[in-house]
Amino acid sequence: MADKNTSASVLGMGDTSMSVNTAARTKRAILGFLKYFSLVFCGFLAVLPVVSCFITALKTKEEYQSTNVMTLPSKLYFGNFADAWEKANMGMAFLHSLIVLVFVLAGSIMIGAMLAYCLSRFKFPGNGLVRSLFLFASLLPGVAMQVSVYSIMQKLGFINHLYGYIILMMGTDVISIYIFIQFFENISTSLDESAIMDGCSYFGVFFKILLPLLKPAIMTVIILKGVNTYNEYYMANLYLQDKSRLGVVATSLYTFTGPMGNQYNMICAGVIISFMPALIVFLLFQKQVYSGMTSGAVKG
Amino acid sequence: MEQAKQKETSSFQKWFRSRKGQQALVLIVFMSIPLLLLFIFTYLPFGEMVKFSFYNMKYVGARKFVGLKNYQDVFTRKDCFGALKLSLYYMVGSVVQLLLALYLATVLSFHVKGEGAFKAVMFFPYLISGIAIGFIFKFFYTHGYVWDTALTWFGFKLDQLPYWLKDQKINNISLVATSVWRYTGQNMVLFIGAIMSVDQELYEAAALDGANRWQQFKHIIMPSIKTIITLNVILSITGSLSAFEPPYVITDGANGTGTYFVIMNRIAHTSQKVGLASAMAVVLLAIIFLVTIAQKVFFKYFFRSADDEDPRAGERREKQIEKYRAKHAARNGEAHNG
């Protein structure tokens, strides 16, 4: 968005720093040092909590109790991971999280794409109203809403059922609708029109022509909504209360509250297990994750 | 009779086959499920919540109409409305987070060694679940543990250090810091995206002409990300009012760290005073709604004075802002952060 004026003003400043003398060189060296120092410092603060988790998770119980938390383990010990896996019933939790992820993502993608198709392609009375209804819904903080959503979930008999939680997670989704609307607005309508002329139905246009074109948007939804769904613990805790039977990965960590609350060697192992899938996906798909994050941001 | 009926069906069929009819069919099929879900999980509970706020009730059992008593309680009880004071900590925290993210994004947008690794390290906390973050920081802040050890490396003495989560002078700051830790990298990635959307030749031209970093920042980077920054500042106000996650997962609101929503959550699901909790929710929603309207007015005024010549640019920006706000709110609503 920077226009000609700004580049011109930058151009005008050219002559002032033309002379390179020693003072300027020292200044540059100091600034360069400060730059890298600040980056290293921030990086250090960013990794410290996670690194400390790894250090502690790799110690035996005895070593954890007898040494400082930041002392490196004398020998790598992986028993905590097995213990945490077993105590928190992580095998079941991963299975449930996978089921929830598959259904919530598939549902959100279908719902979001269909709704966005209607809103962006058809002029009908109420189009603006529907958009405002969704926009207003996004202003309501989730935690506040759960006070009364809880009583509705109770009436529907959705509490302590995976399907109840899945439907709730699909129903409170606004993010994918907005991503899809944005994407549809960038696809020319002449494409649908020519297909309609050729005798294709609106359903055909949606399923055969537009849906395949939505792949990048679907990728973005999978990343954003996937992270949110995998990490969601507040509603899971509220609506899947029977954790021994219905734990997901995020809520399985609740096992470590209470009597086990100070066995950090095991807790850290549990925490690492829980974020491992996210870490692996992130490392494999870094570019897509970043572009997914920024795709909704305002530019210019 | 027969004929009329036949004629009717055939005209219906005609309509059905027409473009208009097809459109109506698509609209009904595609929109009924999303709208039904929106109604059941957003607007129905919203209405119920307003209703609940006039009752003295639990989730099960008898309820008694009490009029405005719950609202009176919200404003007079010590633990309710006063908890909004803590939002100030979260507001300051989000400003710090924004400045830090802006600085890092600017530095990284010029070539830096190890850029990719640094970006990944900063961003990763965003991908950890809130509950895991709770455990990590309970451990991190325990007296003599990670943070204290790190500070002793820099010359601090352990017995001079406070109890980060118990000491009421500092514990809210400790909690806000975890939120900064979690979201700075994500903000940074957003800013880098905005900076990168500027034509790269502009930077090269400026550098060739000897514009220093500060000049490049002021004249190229700042204009390109002005909108997103202003938006983030404004959004942080509503975000801070509804701060919830750090105290909920780390201290459970103990020792004076209970924000408005933490208190509300406790009243709703532990003491099961559903009426009072609903009144609290309604009050905060009203405040958030007012703040949002104020923001809209402010934005209109703010951008009208800007040197905008294209009249449609304002319209476009309104649209963008609306979209961004919705996405941001949705993202945060789902993650339940503050």
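Here the structure is a predicted model, which is why all the values come from computation and not from measurement.
Neither the backbone nor the side chain of B:Phe39 has a heavy atom closer than 4.5 Å to any heavy atom of chain A. Residue A:Ser151 touches chain B through both its backbone and its side chain, counting heavy-atom pairs closer than 4.5 Å. Only the side chain of B:Ala268 comes within less than 4.5 Å of a heavy atom of chain A; its backbone N, CA, C and O stay farther away. Only the side chain of A:Ile267 comes within less than 4.5 Å of a heavy atom in chain B; its backbone stays farther off. In this structure, the portion of B:Tyr43 lying under 4.5 Å from any heavy atom of chain A is its side chain and not its backbone. For a residue to count as touching a neighbouring chain, one of its non-hydrogen atoms must lie under 4.5 Å from one of that chain's; by this rule B:Leu104 touches chain A with the side chain only. Only the side chain of B:Val107 has a heavy atom closer than 4.5 Å to any heavy atom of chain A. Contacts between B:Phe191 and chain A at a heavy-atom distance below 4.5 Å are absent for every atom of the residue. The parts of B:Lys119 that come within reach of chain A are both its backbone and its side chain, each placing non-hydrogen atoms under 4.5 angstrom from that chain. The contact between A:Phe206 and chain B is made entirely by side chain atoms (from C-beta outward), counting heavy-atom distances below 4.5 Å. Contacts between B:Leu108 and chain A at a heavy-atom distance below 4.5 Å involve the side chain alone, from C-beta outward. Proximity to chain B (any heavy atom under 4.5 Å) is shown, for A:Tyr290, by both the backbone and the side chain. Looking at A:Met153, only its side chain comes within 4.5 Å of chain B, counting heavy atoms on both sides. In this structure, chain B has no heavy atom under 4.5 Å from any part of A:Ile272. Heavy atoms closer than 4.5 Å to chain A are found in both the backbone and the side chain of B:Ala120. Of the atoms belonging to B:Met264, it is side-chain heavy atoms, and not backbone ones, that fall under 4.5 Å from chain A. Proximity to chain A involves both the backbone and the side chain of B:Phe139, based on heavy atoms less than 4.5 angstrom apart. Of the two parts of A:Lys155, only the side chain, counted from C-beta on, holds a non-hydrogen atom closer than 4.5 Å to a non-hydrogen atom of chain B. Only the side chain of B:Leu285 comes within contact range of chain A, with heavy atoms under 4.5 Å apart.
Note on B:Leu100, B:Asn265, B:Ile288, B:Thr142: by heavy-atom pairs under 4.5 Å with chain A, the leading option is B:Asn265. Heavy-atom pairs under 4.5 Å with chain A peak, among B:Thr42, B:Thr149, B:Val121, at B:Thr149.
Remark: aromatic rings of A:Tyr117 and A:Phe122 are close, center separation under 6.0 Å.
Using bins of under 30°, 30° to 60° and over 60° for the plane-to-plane angle, the ring pair B:Tyr248/A:Tyr234 lands in the perpendicular bin.
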